[in-house]
Amino acid sequence: MTRAIALVKRAADVALVRAAAALGETVAVAVGAEADVLPVLAGARAAGAARLVRLWDPGLETTDYLGVAYTLAAAIRTLGDPTATPTVILAGDRGRGVVGPAVAERLGVPLLGQVLAIELGGDGKRVARRRGREIVRSYAAALPALVCVLVDAAAPSASGDAGEVESWTLSKVGLSAAELSYRKHFATRPAKGPTPKPRRFENAAALAAQLRAEGFVPGAKG
């Protein structure tokens, strides 16, 4: 039996759940505070998700897209090894394509982006229709795989009752806030002190003479 996991964040991502529900039993996973993602999960329930998971931790407030991708990948593994059961993971593709590919890389599963629609073939492989430059091509591949689906950013707001939502923390998926903290503290900071003033030269000849004196330009041959 195929298992489908939809990674949701915005109301538009409910379309991912509809596509996933046509493939198999669907789990919708969202990373975010309750007020932000509970309406989306309610829409996911209405669209056919059998299980809803919300993962949040204060440490995620300052993480970047890669930290979110690591969190989603860890959540997917917690749901079950994607290589043990035929699994298709659906993420939104909004043109930037950063979180979905990062999740696929973290999990070590094939990735296909710019997908218009997806279905299962008779041989159990996924069949995806992908947009090319001027034509739409069909691709078939064995599962597991992560598919980035083009979704309509102007989708209506999700509504309804989410029902039972599992609330997970980072410890549930084997991560810590320190692992996901934003990496800005690794960035090199300029040394404290006065800012040097730019040097000015009267003309190009004076600049060339200074560069020659400092060894940046070889001296003229005699």
Fill in: Results of side chain to side chain contact (heavy atoms under 4.5 Å, CB included) for Ser176 - residues two or more places apart only
Ala178, Glu179

Fill in: Residues in side-chain hydrogen bond (donor to acceptor under 3.5 Å, both in side chains) contact with Asp81, at least two apart in sequence or another chain
Thr83

Practice prompt. Show your reasoning for whether side-chain contact (heavy atoms from CB on, under 4.5 Å) applies to Val173 and Ile76.
Written response: CA-CA 9 Å; Val173 299; Ile76 291 169; over 6 Å; no

Worksheet, complete the sentence: d(Thr78 OG1, Lys172 NZ) to nearest 0.5 Å is 7.0 Å

Discussion item. When you compare the side chain of Leu72 with that of Val31, does any pair of heavy atoms fall below 4.5 Å?
Written reply: yes

Fill in: Within-4.5 Å side-chain heavy-atom neighbours: Thr63 and Val68
yes

Discussion item. Working note: Leu170 + Leu60, criterion side-chain contact (heavy atoms from CB on, under 4.5 Å); need CA distance, chi angles, decisive distance, verdict.
Written reply: CA-CA 9 Å; Leu170 288 177; Leu60 289 166; 4.2 Å; yes

Worksheet item: How far apart are the closest heavy atoms of Leu180 and Gly67, and which atoms are they?
Response: CD2-O, 3.7 Å

Identify all side-chain donor-acceptor contacts of residues 35-49 below 3.5 Å with residues at least two apart in sequence or on another chain.
residue	atom	partner	partner atom	Å
Arg45	NE	Ala162	O	2.9
Arg45	NH1	Ala50	O	3.3
Arg45	NH2	Ala162	O	3.2
Arg45	NH2	Glu164	O	2.6

Worksheet item: Can you name the side-chain hydrogen bond (donor to acceptor under 3.5 Å, both in side chains) partners of Thr87, sequence neighbours left out?
Response: Arg3

Discussion item. How close do Val149 and Leu116 get, counting heavy atoms only, and between which atoms?
Written reply: CG1-O, 4.3 Å

Item to complete: Kindly write out the residues that satisfy side-chain hydrogen bond (donor to acceptor under 3.5 Å, both in side chains) with Thr169, not counting sequence neighbours, or none if the list is empty.
Response: Ser171

Discussion item. Using every non-hydrogen atom in the two residues, find where Ala102 and Tyr65 come nearest and quote the distance to one decimal.
Written reply: CB-CE1, 4.4 Å

Discussion item. Is the shortest side-chain heavy-atom distance between Val103 and Arg106 below 4.5 Å?
Written reply: no

Name every donor-acceptor pair, under 3.5 Å, that has one atom in a side chain of residues 14-27 and the other anywhere in the protein, sequence neighbours excluded.
residue	atom	partner	partner atom	Å
Thr26	OG1	Ala20	O	3.2
Thr26	OG1	Ala21	N	3.2
Thr26	OG1	Gly24	O	3.0

Discussion item. Please find the pair of heavy atoms, one from Arg54 and one from Val165, that lie closest to each other, and give the distance.
Written reply: CB-CG1, 3.9 Å

Item to complete: Considering non-hydrogen atoms only, spot the tightest contact between Gly59 and Ala177 and give its length.
Response: CA-CB, 3.9 Å

Discussion item. Between Arg51 and Leu79, is there a side-chain heavy-atom distance shorter than 4.5 Å?
Written reply: yes

Worksheet item: So do Pro144 and Ile89 actually touch side chain to side chain, heavy atoms under 4.5 Å?
Response: no

Item to complete: Please round to the nearest 0.5 Å and tell me the distance separating atom CG of Leu52 and atom OG of Ser167.
Response: 10.5 Å

Discussion item. Suppose we screen for side chain to side chain contact (heavy atoms under 4.5 Å, CB included). Which residues come up paired with Ala206, at least two apart in sequence or across chains?
Written reply: Phe201, Asn203

Response to the item:
Residues passing the side-chain hydrogen bond (donor to acceptor under 3.5 Å, both in side chains) test with Trp168, sequence neighbours excluded, are Glu166

Item to complete: Determine, step by step, whether Asp13 and Leu7 satisfy the side-chain contact (heavy atoms from CB on, under 4.5 Å) criterion, reporting the C-alpha distance in whole Å, the side-chain angles of both residues, the deciding distance to 0.1 Å, and the verdict.
Response: CA-CA 8 Å; Asp13 293 333; Leu7 308 180; over 6 Å; no

